[in-house]
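See structure below.
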Amino acid sequence: MDDIKNELKKYNSLKAKLRLLYNELEAVKSEGSNIKACYIRERVQDSYISDSTSEGAIHNIDKEKALEGKITRLKLRIKRVEDLLEIVPELERELIKCRYFQKMSWTAICMRFGYCERHLQKKLNIALEDLNEVYQDITRIHNELTIEI
């Protein structure tokens with residue numbers, strides 16, 4: 001059950017990391033525009049492209065592709081958590097969001113839902129067991145597909 005708990009605990013930081021990667025990608029694309037401008041200027045002025053400009057362009061393209069790959073993997077990881085939450089009933093889903101995403105205390109959660117802590121913890125544990133079982137299956141299938149490719 002620790003696997004799904006770890007993913008839930010990391011959810012907010014994964015979303016923050018995704019925003020940072022998007023910002024970094026925009027910066028790289030902006031640099032790429034500057035390199036393209038240098039490329040065009042050199043081509044017009046000297047009828048050739050300097051090694052530094054071509055190396056810069058290649059480096060930017062590689063960096064852009066690497067960032068896009070990281071973004072795609074991170075989006076899939078976030079989507080996996082969001083999709084998993086859809087399989088549990090609404091009360092449990094909201095309970096998970098309060099506890100893991102909003103980092104609410106048990107006292108605050110109990111007040112919000114109107115149940116005692118023991119009852120809510122039991123509901124949470126049952127939901128986490130169900131989610132973890134599905135998460136393990138998805139992870140196994142993903143790993144099998146990754147090995148085949």
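All values reported here derive from a predicted model rather than from experimental measurement.
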Might you work through the side chain to side chain contact (heavy atoms under 4.5 Å, CB included) test for Ile126 and Val88, ending with a clear yes or no?
CA-CA 10 Å; Ile126 291 169; Val88 295; over 6 Å; no
Would Glu92 and Leu124 count as a side chain to side chain contact (heavy atoms under 4.5 Å, CB included) here? Give the steps.
CA-CA 6 Å; Glu92 287 82 347; Leu124 178 66; over 6 Å; no
Test ring pair (Phe, Tyr, Trp, His ring centres under 6.0 Å) applied to Phe113 - qualifying residues, sequence neighbours left out
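Here no residue qualifies.
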Partners meeting ring pair (Phe, Tyr, Trp, His ring centres under 6.0 Å) with His119 (sequence neighbours left out):
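Ring pair (Phe, Tyr, Trp, His ring centres under 6.0 Å) check on His119 returns Tyr115.
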When you compare the side chain of [Y] with that of [X], does any pair of heavy atoms fall below 4.5 Å?
X	Y	answer
Tyr100	Asn12	no
Lys79	Lys75	no
Lys70	Lys17	no
Leu74	Leu21	yes
Lys29	Glu24	no

Might you confirm whether atom CZ of Arg118 has over 12 heavy atoms from other residues, nucleotides or ligands at distances under 6.0 Å?
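No, the 6.0 Å shell around CZ holds no more than 12 heavy atoms from other groups.
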Within the supplied structure, the quantity of interest is the number of heavy atoms (other residues, nucleotides, ligands) at a distance under 6.0 Å from Glu133 CD; does it exceed 12?
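No - once you tally the heavy atoms of other residues, nucleotides and ligands closer than 6.0 Å, there are 12 at most.
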Just verifying a value: how many Å separate [X] [atom1] and [Y] [atom2], rounded to the nearest 0.5 Å?
X	Y	atom1	atom2	result
Ile109	Gln102	CD1	CD	8.5 Å
Asp130	Ile87	CG	CD1	7.0 Å
Leu8	Leu14	CG	CG	10.5 Å
Arg140	Leu145	CZ	CG	10.0 Å

Examine distances only and state if a side-chain atom of [X] and a backbone atom of [Y] form a donor-acceptor pair shorter than 3.5 Å.
X	Y	answer
Asp3	Gln136	no
Asn132	Leu128	no
Arg99	Met104	yes
Thr139	Tyr135	yes

Pair Leu85, Leu131 - check side chain to side chain contact (heavy atoms under 4.5 Å, CB included), show working.
CA-CA 8 Å; Leu85 288 177; Leu131 286 176; 4.1 Å; yes
Under the salt bridge (Lys or Arg N to Asp or Glu O under 4.0 Å) rule, collect the residues that match up with Lys15, sequence neighbours excluded.
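Here the qualifying residues are Glu82.
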Please give me the minimum heavy-atom distance between [X] and [Y], naming the atom from each residue.
X	Y	answer
Cys110	Leu120	CA-CD1, 3.8 Å
Val81	Tyr11	CG1-CD1, 3.8 Å
Arg112	Glu94	NH2-OE1, 3.9 Å

Group every Ile, Leu, Val, Met, Phe, Trp and Tyr by side-chain heavy-atom contacts under 4.5 Å, then state whether Met111 and Leu91 land in the same group.
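The answer is no; the residues belong to distinct hydrophobic clusters.
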Using side chain to side chain contact (heavy atoms under 4.5 Å, CB included), reason through Ile78 and Leu18 one step at a time and then give a plain yes or no.
CA-CA 9 Å; Ile78 290 167; Leu18 183 61; 3.9 Å; yes
Between Arg80 and Glu7, is the closest basic N to carboxylate O distance under 4.0 Å?
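No, this pair does not count.
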